[in-house]
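Structure first, then comments.
In the text below, chain A, chain B and the rest are named by the order of the sequence lines, each starting its count at 1.
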2 protein chains.
Amino acid sequence: MNDPHEPLTQSVRSLIDAVIRTEVDSDRIAAAHAHVAAALEILGEHLMPGSFGVRVTPDGGSAPCGNVLIGQRNAIAPPLTVDRDDAGLVSTDVTLGAAYEGPAGHVHGGVCSLILDHLLGATAHRPDRPAFTGTLQLRYVRPTPLGRLRAEAWVEHEDGRKTYARGRILCAGLTTVEAQGIFIRPRKNRPAG
Amino acid sequence: MNDPHEPLTQSVRSLIDAVIRTEVDSDRIAAAHAHVAAALEILGEHLMPGSFGVRVTPDGGSAPCGNVLIGQRNAIAPPLTVDRDDAGLVSTDVTLGAAYEGPAGHVHGGVCSLILDHLLGATAHRPDRPAFTGTLQLRYVRPTPLGRLRAEAWVEHEDGRKTYARGRILCAGLTTVEAQGIFIRPRKNRPAG
């Protein structure tokens, strides 16, 4: 489902990167700030209370438009596009730029864990029953450079509402981070995590 | 060290939230988008190549202004302010809003791991030698609501370049996520992670 806000969100993603990387002088910073303040005033004319949440689409699917990793309205989200093949492999190809930096030139280790948490969890999701994280273990094999990355996750085995999943982040074919975790599909009316 | 870009970054943080939560019509979205595009054009007049990196301040400290969690120029960063007490406890009090959502009304489990990775790692940092994550284990005790949270981390023991750390996220005094990890101070010229 395409959200009409998506083009604006994409521009704000570019803005986040530009604020980090700009080298214009303080007068130009002030001029840019005035435009950001104007945009903020317009969007603020009518704000929903709280957060976007997860909404049901007409076709019965879910629209987590505010989600920090996949939300079409969330400029923090790269966004991640999660693919599933017939064998059950869940994967994403994503480019992480300056806004995801931890050590110089490298992806913050915690951003790797954020992506792996989401991807391993996706192996356990069912259309009407998102899974929440029970445990997650990460092993950092080597630093993850900023740039084009691939992440993969798969189910090791399932036991009732529990899914035991594994996954990894790859850069140029080399594994940088390995993960394993247990994800649980809650009973009704319990929020996923 | 205060970065002159900080007020602009703060407004972009508010903008990220407003894009998610706005309910103005498509004409107003377009008007806001025009301002964002104008700000983007100004900041883009002079961009540094690559990422901000970690720069050395005049007093010999480090200025990770682009850091995804603590960077003064990074609008993705809440930002996290890391405090250390005399007993070695590292902690942060942070409010996470709509932009950090995973399950409806709750912080994405991966955002909790991102914060804990950073905080546990901070227990191992030395002024001239940042630590990188070796392993990180997370246990999700209960869902973490959006809003005011506290995170704490401490050293369990050290073994040469290795620091064994533990930590947790608390909401209203209740632990939502527990973490333990091994953080390693690299030899010179090895990037931290």
Look at Thr135(B), Val54(B), Leu8(B) and state which one has the largest set of heavy-atom pairs under 4.5 Å with chain A.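 Top count of heavy-atom pairs under 4.5 Å with chain A: Leu8(B).
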Using a 4.5 angstrom heavy-atom cutoff, name the option from Asp17(B), Ile16(B), Ile182(B) with the most pairs to chain A.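 When all of Asp17(B), Ile16(B), Ile182(B) are compared, Ile16(B) has the most.
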Can you confirm whether [X] sits close enough to [Y] that some side-chain heavy atom of one is under 4.5 Å from a side-chain heavy atom of the other?
{"X": "Val12(A)", "Y": "Leu15(B)", "value": "yes"}
{"X": "Tyr100(B)", "Y": "Asn67(A)", "value": "no"}
{"X": "Leu114(A)", "Y": "His108(B)", "value": "yes"}
{"X": "Val111(B)", "Y": "Asp117(A)", "value": "no"}

Which one wins on heavy-atom pair count under 4.5 Å against chain B: Arg13(A), Arg55(A), Glu178(A), Glu101(A)?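 Sorted descending by pairs with chain B, the first entry is Glu101(A).
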What residue in Ser51(A), Ala98(A), Ser14(A), Ala179(A) has the most heavy-atom pairs under 4.5 Å with chain B?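 Highest number of heavy-atom pairs under 4.5 Å: Ser51(A).
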Looking only at heavy atoms, which of residues 24-50 of chain B get nearer than 4.5 Å to chain A?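 Result: Val24(B), Arg28(B), Ile29(B), Ala31(B), Ala32(B), His33(B), His35(B), Val36(B), Ala38(B), Ala39(B), Leu40(B), Ile42(B), Leu43(B), Glu45(B), His46(B), Leu47(B), Met48(B), Pro49(B), Gly50(B).
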Tell me the residues of residues 146-177 of chain B whose non-hydrogen atoms fall below 4.5 Å from those of chain A, in number order.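 Counting heavy atoms that sit under 4.5 Å from chain A, the residues of residues 146-177 of chain B involved are Leu146(B).
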Would you tabulate the side-chain donor-acceptor contacts of residues 74-83 of chain B under 3.5 Å, counting partners in other chains and residues two or more places apart, or write 'none'?
{"from": "Asn74(B)", "atom 1": "OD1", "to": "Ile76(B)", "atom 2": "N", "distance (Å)": "2.8"}
{"from": "Asn74(B)", "atom 1": "ND2", "to": "Ala99(A)", "atom 2": "O", "distance (Å)": "2.8"}
{"from": "Asn74(B)", "atom 1": "ND2", "to": "Gly66(B)", "atom 2": "O", "distance (Å)": "2.8"}

Do Leu119(B) and Tyr140(B) land in one hydrophobic cluster if side-chain heavy atoms of ILVMFWY residues count as linked below 4.5 Å?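 As far as the 4.5 Å side-chain criterion goes, Tyr140(B) and Leu119(B) are not connected within one cluster.
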Looking at [atom1] of [X] and [atom2] of [Y], how far apart are the two atoms once the value is rounded to the nearest 0.5 Å?
{"X": "Arg21(B)", "Y": "Phe52(A)", "atom1": "CZ", "atom2": "CZ", "result": "12.5 Å"}
{"X": "Glu23(A)", "Y": "His5(B)", "atom1": "CD", "atom2": "NE2", "result": "8.0 Å"}
{"X": "Leu136(A)", "Y": "Ser113(B)", "atom1": "CG", "atom2": "OG", "result": "6.5 Å"}

Using a heavy-atom distance cut-off of less than 4.5 Å, which residues of residues 88-96 of chain A contact chain B?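 None at all.
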